[in-house]
Amino acid sequence: MKKGRIALEILTIMLGNFIYAVGIVFFIMPSGLITGGTTGIAIAVNHYTKIPISSIVLAFNVIMFMIGLFVLGKKFALTTLISTLFFPLSLEVLQKLSVNFAITDDIFLCTIFGGVCIGSAIALVIRVGASTGGMSIPPLILNKYMHIPVSVSLYVGDCIILALQVAFSDKNKILYGIILVMIYSIVLDKLLILGTNKIQIKVISGKSPEIKDAIISKFDRGVTLLHSKSGYLEREMDILLTVISNNDLSKFEKLIHEIDGEAFVIISHVNEVRGRGFSIGKRYL
């Protein structure tokens with residue numbers, strides 16, 4: 001089971017890096033867009049030195065890999081090593097295969113699909129505990145020690161890298177480059193929390209014991225009782241607090257109102273839930 005999980009993680013990292021390379025080779029480079037990350041640095045250096053972009057990416061990735069090894073640990077470094085080597089290789093292969101080939105000449109479409117490819121690729125790799133190497137490593141270090149969101153650090157870093165390419169880019173491509181960075185930052189942010197969103201429910205009712213029993217028996221969810229007092233009549237009561245999946249919301253509301261048609265229900269979306277029954281397995285007494 002463990003070997004299967006490791007194999008799946010490695011394949012996910014390779015897939016993520018391949019998608020990243022597809023975004024660069026088929027959308028970013030043909031349209032002449034400026035971009036962030038290691039590729040953005042490579043494009044800037046390539047403009048002045050004519051050193052192949054894949055070679056610059058490889059050299060920079062190796063430097064960042066060494067930093068990640070010492071700061072983020074061996075397990076992180078071993079998985080990131082795949083990105084460090086596989087991404088430049090994918091770039092080199094796709095560049096040779098795509099000579100004189102372009103999916104579209106529309107710079108707006110290139111901006112959108114390039115952003116989606118890059119954001120999806122980075123999210124895929126980060127979700128298995130690795131990185132795409134290069135400039136994705138500093139944001140992970142900042143997130144670990146300063147709890148700064150990865151998407152925010154990437155956005156700031158990419159804006160600095162975009163500035164390096166301003167000197168040799170026209171105004172329209174600079175503006176499209178900013179949009180590109182915004183698109184993949186948003187895609188990354190959304191995909192990192194995909195599947196972790198839950199619904200928090202608070203129920204205020206005179207039939208809280210019946211509702212509590214129904215939640216436990218029919219939804220197999222834990223319930224917390226928050227002792228409270230109503231503001232107007234000053235009646236002592238319990239507020240029921242529970243967390244459910246998005247798919248259960250309509251059935252949950254229906255169940256509550258079948259028991260008490262006048263129940264007061266507060267529904268909130270939460271980004272992540274950790275603890276028994278969610279991030280760790282359930283335990284029955």
Side-chain angles (χ1 to χ4, degrees), residues 16-71 77 80-102 107 110-111 113-115 117-119 121-122 125 130-142 150 153-185 188:
N17 280 278
F18 183 76
I19 293 172
Y20 200 139
V22 167
I24 298 300
V25 173
F26 291 105
F27 298 109
I28 307 302
M29 293 176 64
S31 59
L33 281 168
I34 62 175
T35 185
T38 307
T39 308
I41 295 173
I43 290 172
V45 175
N46 170 263
H47 178 79
Y48 294 108
T49 66
K50 304 306 178 185
I51 298 173
I53 289 176
S54 57
S55 299
I56 300 167
V57 169
L58 178 60
F60 191 82
N61 277 359
V62 170
I63 295 170
M64 288 295 105
F65 169 76
M66 297 305 295
I67 294 173
L69 173 62
F70 288 107
V71 178
T80 302
L81 180 62
I82 301 169
S83 298
T84 302
L85 301 175
F86 190 74
F87 177 58
L89 176 63
S90 298
L91 273 178
E92 185 70 20
V93 171
L94 288 175
Q95 278 183 278
K96 289 180 178 179
L97 292 176
S98 64
V99 176
N100 300 323
F101 173 78
I107 191 170
C110 286
T111 302
F113 283 95
C117 284
I118 294 172
I122 297 173
V125 177
S131 85
T132 51
M135 280 303 296
S136 66
I137 291 178
L140 292 171
I141 294 173
L142 290 174
V150 172
S153 300
L154 277 174
Y155 183 73
V156 173
D158 286 341
C159 285
I160 296 171
I161 295 169
L162 289 180
L164 298 175
Q165 303 165 71
V166 167
F168 56 86
S169 301
D170 62 50
K171 293 179 181 179
N172 285 340
K173 288 182 179 178
I174 292 170
L175 294 175
Y176 276 118
I178 294 170
I179 294 172
L180 172 71
V181 171
M182 292 175 66
I183 289 173
Y184 69 66
S185 295
L188 169 64

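Residue indices begin at 1 and follow the sequence shown. Source: prediction; values computed, not measured.
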Checklist entry - Do you know which two heavy atoms are closest between P88 and S83, and how far apart they sit? => result CD-O, 3.7 Å
Checklist entry - For the atom pair CD1 (I161) and CD1 (I41), what is the distance rounded to the nearest 0.5 Å? => result 4.0 Å
Checklist entry - Considering residues at least two apart in sequence or located in another chain, which fulfil the side-chain hydrogen bond (donor to acceptor under 3.5 Å, both in side chains) criterion with N61? => result none
Item to check | Nearest atoms (heavy-atom pairs only) where G114 meets I28 | outcome: CA-CD1, 4.1 Å
Item to check | Set of side-chain hydrogen bond (donor to acceptor under 3.5 Å, both in side chains) partners for Y20, sequence neighbours left out | outcome: none
Next on the checklist: Once side-chain contact (heavy atoms from CB on, under 4.5 Å) is applied, do any residues pair with L94, and if so which ones, sequence neighbours excluded?
Outcome noted: F18, A21, V22, V25, F26
Checklist outcome for this item: For Y48, the side-chain contact (heavy atoms from CB on, under 4.5 Å) test, sequence neighbours excluded, returns A167, F168
Next on the checklist: Please report the interatomic distance CD1(I107) to CZ(F27), rounded to the nearest 0.5 Å.
Outcome noted: 13.5 Å
Item to check | salt bridge (charged side-chain N to carboxylate O under 4.0 Å, His left out) contacts touching residues 19-31 (sequence neighbours left out) | outcome: none
Checklist entry - Does I141 have any side-chain contact (heavy atoms from CB on, under 4.5 Å) partners at least two apart in sequence or in another chain, and if so, which? => result I67, V71, L72, I137, Y145
Next on the checklist: Show every side-chain hydrogen bond (donor to acceptor under 3.5 Å, both in side chains) that has at least one partner inside residues 171-183, sequence neighbours left out.
Outcome noted: none
Checklist entry - Is there a side-chain contact between L89 and L85 (heavy atoms, below 4.5 Å)? => result no
Checklist entry - Which residues pass the side-chain hydrogen bond (donor to acceptor under 3.5 Å, both in side chains) test with T38, sequence neighbours left out? => result none
Next on the checklist: Under the salt bridge (charged side-chain N to carboxylate O under 4.0 Å, His left out) definition, can you give me all pairs with a residue in residues 87-96, not counting sequence neighbours?
Outcome noted: E92-K96
Next on the checklist: Quick check for you: to the nearest 0.5 Å, what is the distance between S90 atom OG and N17 atom CG?
Outcome noted: 6.5 Å
Checklist entry - What closest approach, in Å, do C117 and I19 show between heavy atoms, and which atom pair accounts for it? => result O-CG2, 3.5 Å
Checklist entry - Going by heavy atoms in the side chains, are I183 and T111 under 4.5 Å from each other? => result yes
Checklist outcome for this item: When rounded to the nearest 0.5 Å, the distance separating CG of L175 from CG of L33 is 11.0 Å
Item to check | Spacing of CG belonging to N46 relative to OG belonging to S54, to within rounding of 0.5 Å | outcome: 9.5 Å
Checklist entry - What is the minimum heavy-atom distance between Q165 and A44, and which atoms define it? => result CG-CB, 4.0 Å
Item to check | F60, CZ atom: more than 12 neighbouring heavy atoms under 6.0 Å | outcome: yes
Item to check | By side-chain contact (heavy atoms from CB on, under 4.5 Å) - contacts of M29 (at least two apart) | outcome: I24, I53, Q95
Checklist outcome for this item: Residue pairs passing the salt bridge (charged side-chain N to carboxylate O under 4.0 Å, His left out) test with at least one member in residues 22-46, sequence neighbours excluded, are none
Item to check | Within residues 80-89 or reaching into it, pairs that qualify as salt bridge (charged side-chain N to carboxylate O under 4.0 Å, His left out) - sequence neighbours excluded | outcome: none
Item to check | Reported CG-to-CG distance for the pair L162 and L180, which is rounded to 0.5 angstrom | outcome: 8.0 Å
